[in-house]
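Read the structure below first, then the notes.
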Amino acid sequence: MISSKDSSELLHHLNRIGIALSCEKDLDRLLDLILREARIFARADAGSLFLKQGGGLIFIAAQNETLDSRGGEQKSDYYGSSVKLNNESIAGHVAVTGKVLNIPDAYHLPSEVPYRFLKKFDEENHYRTCSVLAVPMNIPNGEVIGVLQLINAMNEQKETVPFPEMFEELMLSLASQAAVAIRNAMLLEEIKQAHLDTIFRLSKAAEYRDEDTEAHLRRVTGYTIVVAKKLGLQTKEIDFLRYAAPMHDIGKLGVPDAVLLKPGKLTPEEFELMKKHTLIGAKILEGSDQKLFQIAKEIAISHHEKFNGTGYPYGLKGEAIPFYGRIVALPDVFDALTSKRVYKPAFSVAQAVDMIREESGKHFDPVVVKAFIDSLDEIVQVKEKEQT
Ligand code: C2E
Ligand code: SIN
Ligand code: SIN
Ligand code: FE
């Protein structure tokens with residue numbers, strides 16, 4: 001029997017989990033946290049999470065203490081696989097009925113139940129699933145958004161035992177808190193994606209006259225993120241760069257076609273017009289209370305400054321150039337060098353890298369050049385991934 005002290009401790013524990021879940025905004029980390037906390041709470045050896053999506057249940061996360069401790073490869077090709085939303089599987093049954101299933105032994109199900117346990121995962125990983133506690137994840141309007149499945153409850157002696165009945169109610173409560181946290185993280189993710197999408201579309205408008213603008217923006221952004229990670233920037237700063245870097249050339253909107261699209265070399269007068277894209281960009285982006293647009297403005301105005309003071313529009317030198325501008329300057333030029341332009345052919349990656357190395361301390365901040373060269377493998381991966 002559970003004493004009242006034990007049960008109040010359990011409730012406290014549950015409450016602490018609820019608070020922790022509501023604080024995690026990153027979906028992947030949140031899913032991990034839910035599984036981990038649920039497993040610790042119910043002393044389960046393993047667990048998995050399914051989310052409803054497109055008429056099915058997607059297998060989205062799994063943890064398994066026993067397989068982890070054995071080391072070696074776990075079969076992970078189940079991630080992203082889908083279970084039908086019907087009574088045939090344990091998770092499907094729970095999602096359809098919205099009822100908890102507490103199964104003492106998955107290999108000895110009563111003959112009258114409609115669901116079956118799929119042994120494939122066990123067989124491929126030499127694991128034995130015995131007790132299963134599968135609970136629906138409900139949001140407050142009653143909708144089931146997924147299923148939390150805990151596997152093999154352990155007693156003090158590390159033997160597999162059935163899940164105590166009292167955990168059914170407690171896990172249901174934990175799963176509902178998890179559902180709300182997941183729903184919020186997904187909404188946030190959706191808003192961020194929509195925001196990023198808007199930024200890319202607006203930035204594309206600035207360059208739509210060029211041929212391969214979107215891929216160019218994705219590459220410059222991708223390279224910038226790689227360099228920023230190598231420089232040890234924080235996640236928040238990297239996110240700002242992810243959204244702000246695509247807007248660096250938005251001022252090209254104000255540059256006449258005759259200049260921007262000129263197939264040959266620009267005259268000095270034409271280049272003066274071209275240089276204005278930094279100031280025009282700053283004008284478009286200035287005056288926002290949003291940190292993101294303040295950073296975007298800073299990048300737009302400073303991405304053509306050079307470390308030795310010979311750049312434009314102000315001829316700023318060294319540390320006087322905003323740091324984010326010094327970062328984006330390099331990916332921007334690297335992509336220009338390795339791409340074909342109306343006014344020039346593409347250089348090879350090796351040629352471009354030589355030119356960049358040569359410009360360390362002249363055009364570019366040496367710290368940024370080092371971070372770039374040190375992450376060349378990842379840079380090339382981004383380049384290959386983001387072709388037109
Ligand atoms: P962009 O084409 O995106 O190039 C960005 C930066 O990459 C250039 O900034 C320059 O620093 C570097 N870059 C690009 N191609 C080369 C190259 O062949 N050699 C070297 N060493 N560096 C290169 P920059 O020069 O301030 O130019 C800014 C923008 O002005 C360019 O953006 C492009 O849109 C335009 N532009 C520059 N030169 C010409 C030109 O001769 N003809 C035309 N039609 N446009 C030009
Ligand atoms: C990107 O978002 O453009 C690329 C890469 C990343 O997330 O690190
Ligand atoms: C300026 O805005 O004139 C200076 C450069 C900057 O902070 O972006
Ligand atoms: Fe530019």
Side-chain angles (χ1 to χ4, degrees), residues 202-224 227 241 244-285 295-316 321-322 324-365 368-369 372 379 383 386 388:
L202 286 177
S203 307
K204 207 161 79 169
E207 296 193 67
Y208 80 108
R209 295 165 293 180
D210 288 358
E211 288 154 33
D212 110 51
T213 53
E214 176 153 0
H216 163 66
L217 292 176
R218 291 197 182 284
R219 286 191 303 266
V220 172
T221 305
Y223 301 152
T224 298
V227 171
L241 279 170
M247 296 187 266
H248 70 279
D249 265 346
I250 203 155
K252 281 187 177 174
L253 267 175
V255 177
D257 277 4
V259 175
L260 190 65
L261 299 183
K262 183 173 172 180
K265 193 125 189 69
L266 301 179
T267 66
E269 296 74 30
E270 287 167 338
F271 195 54
E272 286 309 311
L273 277 177
M274 189 68 220
K275 282 156 112 178
K276 290 219 157 53
H277 80 278
T278 51
L279 298 165
I280 298 168
K283 271 251 176 286
I284 292 173
L285 297 165
I295 290 172
K297 182 219 151 188
E298 189 174 280
I299 292 170
I301 204 165
S302 64
H303 74 280
H304 286 292
E305 297 288 0
K306 296 189 179 178
F307 200 70
N308 64 7
T310 62
Y312 63 88
Y314 298 127
L316 299 179
I321 306 167
Y324 291 138
R326 275 180 272 150
I327 294 176
V328 175
L330 199 162
D332 184 38
V333 171
F334 175 74
D335 195 58
L337 291 174
T338 52
S339 304
K340 190 176 148 310
R341 288 278 193 271
V342 286
Y343 64 95
K344 61 170 273 296
F347 293 105
S348 71
V349 169
Q351 285 172 311
V353 169
D354 282 347
M355 292 163 87
I356 281 164
R357 210 180 255 129
E358 168 61 30
E359 288 293 324
S360 178
K362 299 178 198 165
H363 188 153
F364 306 115
D365 183 342
V368 178
V369 173
F372 179 84
I379 295 287
K383 181 168 162 58
E386 303 292 0
T388 25

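Counting starts at 1 for both ligands and their atoms, in listed order. In this text the structure is predicted, and so the values were computed from the model without any measurement.
None of Asp257, Val259, Leu253 except one satisfies the side chain to side chain contact (heavy atoms under 4.5 Å, CB included) rule with Val255; the exception is Val259. Of the options Leu330, Leu241, Asp332, a side chain to side chain contact (heavy atoms under 4.5 Å, CB included) to Thr224 is made by Leu241 and by none of the others.
Side-chain atoms of His363 never come within 3.5 Å of backbone atoms of Glu359 as a donor-acceptor pair (strictly under, hydrogens ignored). Between the Arg219 side chain and the Glu386 main chain, a donor and an acceptor come within less than 3.5 Å of each other. Checked by atom type and distance alone, the side chain of Lys297 never pairs as donor or acceptor with a backbone atom of Ala300 at under 3.5 Å.
A distance of 6.0 Å or more separates the ring centres of His277 and His248.
Nearest N/O/S atom of Asp249 with respect to the Fe ion (ligand 4) is recorded as OD1.
Residue-ligand proximity: Val259 is placed with a non-hydrogen atom under 4.0 Å from ligand 1. A heavy-atom separation below 4.0 Å is not found between Ser339 and ligand 1. Using a 4.0 angstrom heavy-atom cutoff, Glu270 does not count as in contact with ligand 1. The closest approach between Lys252 and ligand 1 falls below 4.0 Å for a heavy atom of the residue. Distances shorter than 4.0 angstrom occur between a heavy atom of Met355 and an atom of ligand 1.
Listed by number with element, the atoms of ligand 1 under 4.0 Å from a non-hydrogen atom of His363 are 11 (O). For ligand 1, the atoms closer than 4.0 angstrom to any heavy atom of Phe347 are 18 (O). Within the listing of ligand 1, atoms 6 (C), 7 (O), 11 (O), 12 (C) sit less than 4.0 angstrom from a heavy atom of Val333. Interface atoms of ligand 1 facing Leu337, defined by a heavy-atom separation under 4.0 Å, are 16 (C), 17 (C), 19 (N), 20 (C), 22 (N), 23 (C). Per-residue contacts place Lys265 under 4.0 angstrom from the following atoms of ligand 1 (heavy atoms of the residue considered): 41 (O).
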Determine, step by step, whether Phe271 and Thr267 satisfy the side chain to side chain contact (heavy atoms under 4.5 Å, CB included) criterion, reporting the C-alpha distance in whole Å, the side-chain angles of both residues, the deciding distance to 0.1 Å, and the verdict.
CA-CA 6 Å; Phe271 195 54; Thr267 66; over 6 Å; no
Quick one: do Leu316 and Phe307 satisfy side chain to side chain contact (heavy atoms under 4.5 Å, CB included)? Show the steps, please.
CA-CA 8 Å; Leu316 299 179; Phe307 200 70; over 6 Å; no
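Among all heavy-atom pairs drawn from Arg326 and Ile321, the shortest one is NE-O, 2.9 Å. Residue Ser302 comes nearest to Pro322 through the heavy atom pair CB-CD, 3.6 Å, listed as atom of the first residue, atom of the second, then distance.
Proximity annotation for atom 9 (O) of ligand 1: of His303, His304, Glu359, Glu358, His304 comes nearest, heavy atoms only. Taking each of Tyr312, Phe334, Tyr343 in turn, the one with a heavy atom nearest to atom 31 (C) of ligand 1 proves to be Tyr343.
At under 3.5 Å, not a single nitrogen or oxygen of Lys344, backbone or side chain, sits near a nitrogen or oxygen of ligand 1. Of the N or O atoms in His216, none lie within a sub-3.5 Å distance of an N or O in ligand 1.
Neither the backbone nor the side chain of Leu261 comes within contact range of ligand 1; no heavy atom lies under 4.0 Å.
Using a 4.0 Å cut-off between charged nitrogen and carboxylate oxygen, Glu272 and Lys275 count as a salt-bridge pair.
At least one N, O or S atom of His277, from either the backbone or the side chain, sits less than 2.8 Å from the Fe ion (ligand 4).
Centred on the Fe ion (ligand 4), the NE2 atom of His303 and the NE2 atom of His304 lie at an angle of 90°, reported to 10°.
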